[in-house]
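The chains referred to below are lettered A, B, ... by the order of the sequence lines, with proteins before strands, and numbering in each begins at 1. Just the heavy atoms: all of them, side chains too, but no hydrogens, waters or symmetry mates, feed the values below.
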2 protein chains.
Amino acid sequence: MTDVAARAKVSLKTVSRVVNNAPHVQPELVERVLAAVAELGFRRNLLASSLRSGQTTATIGLLIEEIANPFYATIAGTAAEIARQHDTMLIIASSEEDPGRERQLLRDMCARRVDGLLVVPAGDDHSFLRAEVELGTPMVFLDRPAGGLLADTVLLDNRGGALAGVRRLVEAGHRRIGILLDSIGVYTMRERLDGAQDALAPAGVPYDTRLVRDGVRDPAAAARAVAEMLERPDPPTAFFSLNNRITLGVIEELHRRGSDAALLGFDDFDMARLSPYPLTVIAYDTRELARAAAELLFRRIGGDRSWPRTIVLPTELVTRGVPPR
Amino acid sequence: MTDVAARAKVSLKTVSRVVNNAPHVQPELVERVLAAVAELGFRRNLLASSLRSGQTTATIGLLIEEIANPFYATIAGTAAEIARQHDTMLIIASSEEDPGRERQLLRDMCARRVDGLLVVPAGDDHSFLRAEVELGTPMVFLDRPAGGLLADTVLLDNRGGALAGVRRLVEAGHRRIGILLDSIGVYTMRERLDGAQDALAPAGVPYDTRLVRDGVRDPAAAARAVAEMLERPDPPTAFFSLNNRITLGVIEELHRRGSDAALLGFDDFDMARLSPYPLTVIAYDTRELARAAAELLFRRIGGDRSWPRTIVLPTELVTRGVPPR
DNA sequence: TATGGCTTGGACAACGTTGTCACAATAGCG
DNA sequence: CGCTATTGTGACAACGTTGTCCAAGCCATA
C-alpha cells in the first residue's frame, strides 16, 4: 500500500480510503490511486484489515461429519448460499464423527476468528466451547444437539417421524419389523429408534432385540443383515432402515430376492423414485434445516442477543417407488 | 497475550514461545504460562500470526460450481481430506457457473491470502489471475482448463470416453442416437460431443443435429426431450446423455414408456446399479481427479517450481442396471 | 581467573491495514 | 475582512503476533 501511495503521490491513508470506497476523496486522486493499484497489481490484505478493524472477518465455519455425503453436501450448499448473501466466506471441515478431531477443528476455526460457527456435533461434550461463546462467538448446532452447552439448535423431528412411519407399518398388520441402524452412539439413531418403540408399544407389538441390528455402516452390511434376518425361522415382514445409506442396501437385497417385505426408510433421496422396489420414506427438508440454522446464525452475528432457541422441523411420510411385479 | 504474560509474570515473548511450542523455555515457566492461558481463556489469533510471520495462512481455497452436486461434493470431500493431511483449512465457494461471480470469489480468496487455489473454472478467461500467479499463489485447475493462463490442470478424458461409449453403440448397430446435453457452453460438454462425433464419422453414421438437444438442465427437461424424440417419425434407437442429471430423467422416461432404446450415460452414479432400466455408463474416478489436483497443489505450495503440468485421467466403460423384462 | 559458548528471557520493531486526530484549503457568512 | 463550517489530506498509533537482536546467567574450558 505504501508503494501504491508513493506511485500515486498521495498518502497511505488516501490509498486506504480509495480501496475502501470511503467518501471525501477527490475524483482525480481516486483515478491516480486506482491506476497505481492496477499497475502494481496491489491486492488488499484482508487478514491485516480484519486484524486492525477488529470485529469481523466475513468468514463463518461449518463443521460437518463428511462432506461427500449428500445430506451434508446439501447443508454445505445451503450454508454457502446464505453466507454469500451476507458477503461471507465459508470454511468447511469434516469431523468424521471423531470428537477429538471435532474439538481441534472448532478450536482452529475460532483461532481464525470466524464470525460464527455452524456445527453438526460429533462428540457429546461441547463445554470446551463455553469460553468461546462467552467471548462472543455465535454458534448454532444443527441436526444434533450440543452436549453440556446451552446454545441455539435446529433439529429434525426424528422421533415423531419414526413414530408415524412405524405406526403405518403396524397398522398395515406388520408385527415382525427388522430395524437396521448405523450406530446407537449417534443421537439421531437413538431418537429414531425411540420413535419406533413409541409406535410398537401401544399396538402391543413386542420389541424384539433380535430384529434390531446396530453397526450397519454401509449398503453391503445392510444387504447382509437383511439376508440373515430373512433366513430366520420367523422372518420379518417389514424393514425399517434408519438412514438412506442403509436403505440402499436393503432395497438391493429385497429386490434381488424378489421378497415382498415392506420397507420404510428414514431419509428421502434423489433416486428413491427410481427404486425398483416399493418403499415408504420419512422425508424432511434438508435445505430448510440448513437455512434455518444459517439464518439464525446470521441474526446472532447481526447482534441478536436473545435467549438461545431450539427449532424442531417436521418430517413427512412419503410413499415412493415402482411397485414390484 | 499481554494479559497472559502479566498473569504468568513473564515477558510477552515467552508466552509466544510457549504457545508455539518453541524450545528453550523452563518447564516451570511453561506451566505458569499454560495456567494463565487456561484461566484467561486465551486463544491465539491466527490472523495476526500469519500477518506477522508472512508466508502461510494454512488455508486453501476451492472454487466449484455447486456444492450440493455429488460430483463437486466428492471433490470437496477429497480436497478437505488432503488439506487436513497438510494441517490446512479449506475455504469453499460456488460460482454457480457465473464467470463474474467466479472472478469475485477468486479475488476474495486471494485477498484472504490463501496458500493455494483449486479451481473448477466457470468462465473462459482467467487472465485476471496472472498477477496473482506471478505473485506466487499456486493454483491448479481441475475438470476444465483455465482460459488464457498457463497453469497446472487435471482433466478427464472426456473425448476419449465419449468416443469409446458411442463406438460401442454404433457397433451394436445403432444409427440414430439421441444426444442430450446441459449446455454447449461448458467445456466438458463440448469435449463429450466431439468424442461422439469422433465415433460416428468413421462408421459412416450421419451426425443429425435434430437428434441433439442442448439446454437440458434437469431430469424433467431430459424426460421431455426423450419423449419428443421418441415421437418423431424415425425415433432414435439409442440415447447418449452427457451427464448424470440428464441420465436420471432419461431412465425415468424410458422406463415409464417401456421403451427398449439403449442408453449410454456420461458419469457413473451411486444408484446406477439400482436403475430399473439397463444402461452403460462412462465412469471415472472423481476422487482421483480431486486427489491428483490437491496433491499437485500441495507440491506447489511446498515449493515445486517446475513447469506447469496437465494431467488427463482415463475413463472406463461400465455396463450397469437391471435388464428390462 | 579469564574466555567462550550455551541457555533463557526480554525489548523492540515489523507484518499491512485502518481509526483517530489534526491540519490545510476552500467556501459561506455576517 | 475575519470568522466559522466544511471538505480533503496526512501523520501516527494500534490491532496481536513473531523475528531479530541483545543481555544476563550459567557452565566448561584454557
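Atoms NE2 (A:His24) and P (C:dT26) sit 18 Å apart, rounded to a whole Å. As a whole-Å value, the separation of B:Asp3 CG from D:dC15 P is 11 Å. Atom CG in B:Leu51 sits about 7 Å away from atom P in C:dG16, given to the nearest Å. Between the P atom of D:dT17 and the CZ atom of A:Arg112 lies a distance of 15 Å, rounded to the nearest Å. Atom CD in B:Glu28 sits about 13 Å away from atom P in C:dT8, given to the nearest Å. To the nearest angstrom, P of C:dC15 lies 19 Å from CG of A:Leu46. For B:Met1 and C:dG9, the CE to P distance is 14 Å, given to the nearest whole Å. When the P atom of D:dG8 is taken as reference, atom CG of A:Leu29 falls 10 Å away, rounded to whole Å.
The aromatic rings of A:Phe141 and A:His126 sit perpendicular to each other, their planes meeting at more than 60°, with 30° as the lower class boundary. By the 30° and 60° cut-offs, the orientation of the rings of A:Phe71 relative to A:Tyr284 is perpendicular.
Using a 4.0 Å cut-off on heavy atoms, the residues of residues 8-21 of chain A that approach DNA chain C are A:Leu12, A:Lys13, A:Ser16, A:Asn20, listed by number. Shown for residues 34-43 of chain B: no residue has heavy atoms falling under 4.0 angstrom of DNA chain C.
Not one side-chain nitrogen or oxygen of B:Gln26 sits closer than 4.0 Å to the OP1 or OP2 atom of C:dT7.
Without hydrogens or angle criteria, B:Glu191 side chain to B:Asn158 main chain gives no donor-acceptor distance under 3.5 Å.
Counting heavy-atom neighbours within 6.0 Å of B:Asp124 CG, excluding the residue itself, gives a total of 12 or less.
By the side-chain contact (heavy atoms from CB on, under 4.5 Å) test, B:Ser53 is found to be paired with no residue, residues two or more places apart in sequence or in another chain being considered.
Under 3.5 Å, the side chain of A:Arg52 and the base of C:dT17 form no donor-acceptor pair of N or O atoms.
A salt bridge does not link B:Arg84 with A:Glu96: every distance from a Lys NZ or Arg NE/NH1/NH2 to an Asp or Glu carboxylate oxygen is 4.0 Å or more.
Using a 4.0 Å heavy-atom criterion, one finds that A:Leu47 contacts no nucleic acid atom at all.
A side-chain donor from one of B:Ser306 and B:Arg300 sits under 3.5 Å from a side-chain acceptor of the other.
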